[in-house]
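These figures come from a predicted structure and were not determined experimentally.
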2 protein chains.
Amino acid sequence: MNPALANLKVVLVGTRYGGNVGSVCRAMANCGLSELRLAAPSPDITWEFAERMAVHATGILAARKTFPTLAEAVADCAAVVGTSRRGGLYRQHSTDARAAVPDLLAAAAKAPVALVFGREDKGLLNEELLLCTHVVRLPASPDYPSYNLAQSVVLLCHEFYRASLGPAALASPEEEVSPPASSKMRQTMLGKWRDMLLATGFTDEERATHMMEGFGRIFARGAKTEADMRILMGLARQAGWAAGGREPRP
Amino acid sequence: MNPALANLKVVLVGTRYGGNVGSVCRAMANCGLSELRLAAPSPDITWEFAERMAVHATGILAARKTFPTLAEAVADCAAVVGTSRRGGLYRQHSTDARAAVPDLLAAAAKAPVALVFGREDKGLLNEELLLCTHVVRLPASPDYPSYNLAQSVVLLCHEFYRASLGPAALASPEEEVSPPASSKMRQTMLGKWRDMLLATGFTDEERATHMMEGFGRIFARGAKTEADMRILMGLARQAGWAAGGREPRP
């Protein structure tokens, strides 16, 4: 795990619903984050709901830190990242979250960075945005631009988790498991298919080349690796063998 | 709204919790999607919870289509995209969701594409993955790799929504509101600051150049646009004026 993730502190301001707090804990754990801070949480939070939604992330919930104000919750942080979807004096200077993440992750390699999320109903107040060194936004449909609190958290934390991985960690395991098939292997496979198409009577010598153009096109789109070639050659061999004792189709 | 989004159908298989169904509806609306399909949903779904979590997306919930099996739910779709976090026979051929999205969005411009999400507890079964033309995964912490169902949905739908926007739509409004300041404007601003530092007695002629190196460095990091320059020049003018009637600091 990239150690910068441990410096990312999720700060929820004025949160009201326990289910959201618990869902936030789970999202944090999914994305490799561990420290939750609550600034001025509602006294009406139902902690039972929070525990239920945290599922296997109740450790984060139990270790949460609570502060009377946002200023106190972010006092030790070198960067304070507010999330906002609205326009306005400070908000117009927001940056697309994805574009902001690489620099912020680099900052978190050196010092704590706060990721601040506002109230379920009205987000962050202007005086809270003034505490922020960065304001980021998550693109959303203009018809319904307001993500649920825990959804905003998972979208932003997922960006950080992705950025914390090297490109190799995101590559398809497929590509690692089987190397790309060479042109030679591909030609061998197509030769075995030609033999099989003749043995099964699917085509004859006259039309075989034309037919193989079709299969060549299909396999070029769908079969890329050595493992793919072995599957196709195995079938050709087996079908040719099975057809050996029969008369070709007229 | 990119018309390809309307061709993306969210398909939930064997879903059990109404709250999840509702949260999925909201996430879909946030990301510009509109059609929800349920394949073999649990008979115990609490629709009241679903409505509560859908908030302003109850229209999607009300218009949902229900099918007895996944095969029937995706019958009209040209591409069927399964989501999976586990390894296994078909699962090892999964692709990182972000990498797969551009091609899938292009496919959705021509025909319906199903985005398929499995059960809360055990995801998609192997026979369901066989119906999929693509399998995608969302990177997650190895310590807790299982996202909540609605969180998976918002992460994937958000990728599609982003991809549906041009880069211009994601750019910072800041950059659109005020053009980058020219070098000339920057030099004018720094000249006014030099005057002000002298007028206020913050520095003297001898040390002014050295001091301006410091301010030059600070402003180069933080002040980029014409609007920034106007703010800084306004302050210099005002502070110089306010200092006019006083003796410089010794």
Side-chain angles (χ1 to χ4, degrees), chain A residues 1 5 19 22-23 26-34 53 55-57 60 85 87 91-100 135 137-148 150-155 157-159 161-162 164-165 167 169-178 225 227, chain B residues 1 5 19 22-23 26-34 53 55-57 60 85 87 91-100 135 137-148 150-155 157-159 161-162 164-165 167 169-178 225 227:
Chain A
M1 200 80 83
L5 293 177
S23 294
R26 178 169 177 178
M28 290 173 61
N30 292 155
C31 298
L33 274 61
S34 52
M53 294 306 287
V55 193
H56 299 303
I60 293 176
R85 68 175 182 83
R91 302 174 202 263
Q92 72 171 300
H93 296 285
S94 66
T95 312
D96 175 34
R98 184 168 296 177
V135 180
R137 64 196 136 71
L138 295 159
S141 167
D143 295 334
Y144 191 0
S146 170
Y147 289 103
N148 161 280
Q151 304 268 37
S152 300
V153 172
V154 82
L155 287 171
C157 293
H158 188 73
E159 294 292 342
Y161 183 68
R162 275 187 170 278
S164 79
L165 301 169
L170 295 167
S172 289
E174 179 183 10
E175 290 160 14
E176 296 158 25
V177 168
S178 183
T225 69
Chain B
M1 199 79 83
L5 293 177
S23 295
R26 178 170 177 178
M28 289 173 61
N30 293 154
C31 299
L33 274 61
S34 51
M53 294 307 287
V55 193
H56 299 301
I60 293 176
R85 68 174 183 85
R91 304 173 201 264
Q92 71 171 301
H93 297 286
S94 66
T95 312
D96 175 34
R98 185 168 296 177
V135 180
R137 64 195 136 72
L138 295 160
S141 166
D143 295 336
Y144 190 1
S146 170
Y147 290 102
N148 161 279
Q151 304 266 37
S152 301
V153 173
V154 82
L155 287 171
C157 293
H158 187 75
E159 294 293 341
Y161 183 68
R162 274 187 172 279
S164 79
L165 301 169
L170 295 167
S172 290
E174 179 183 11
E175 289 160 15
E176 296 157 25
V177 168
S178 182
T225 68

Search all heavy atoms of [X] against all heavy atoms of [Y] and return the closest pair with its distance.
X	Y	value
A:Gln151	B:Ser23	NE2-O, 3.7 Å
A:Ser94	A:Arg137	OG-NE, 2.7 Å
A:Asn30	B:Asn148	OD1-N, 4.3 Å

Portion of A:Val55 that has a non-hydrogen atom of chain B nearer than 4.5 angstrom: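 Contact with chain B involves both backbone and side-chain atoms of A:Val55.
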
Side chain from CB out, backbone as N, CA, C, O: work out which of these in A:Leu165 comes under 4.5 Å of a heavy atom of chain B, or both, or neither.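 A:Leu165 touches chain B through side-chain heavy atoms alone.
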
Side chains of A:Leu138 and B:His158: closer than 4.5 Å at any heavy-atom pair? yes

Close side-chain approach of B:Val135 to B:Thr95, heavy-atom, < 4.5 Å: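 No, too far: nothing below the 4.5 Å cut-off.
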
What part of [X] gets closer than 4.5 Å to chain A, counting heavy atoms only: side chain, backbone, both or neither?
X	result
B:Ser146	both
B:Ala29	both
B:Asp143	side chain
B:Leu5	neither

In terms of heavy-atom pairs under 4.5 Å, which option from A:Arg98, A:His56, A:Met1 contacts chain B the most?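 Between A:Arg98, A:His56, A:Met1, the count favours A:Arg98.
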
Based on non-hydrogen pairs under 4.5 Å, which of B:Ala150, B:Ala27, B:Pro145 is most in contact with chain A? B:Ala150

For B:Pro139, does its backbone N or O pair with a side-chain atom of B:Tyr147 as donor and acceptor, under 3.5 Å?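 Checked: pair present.
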
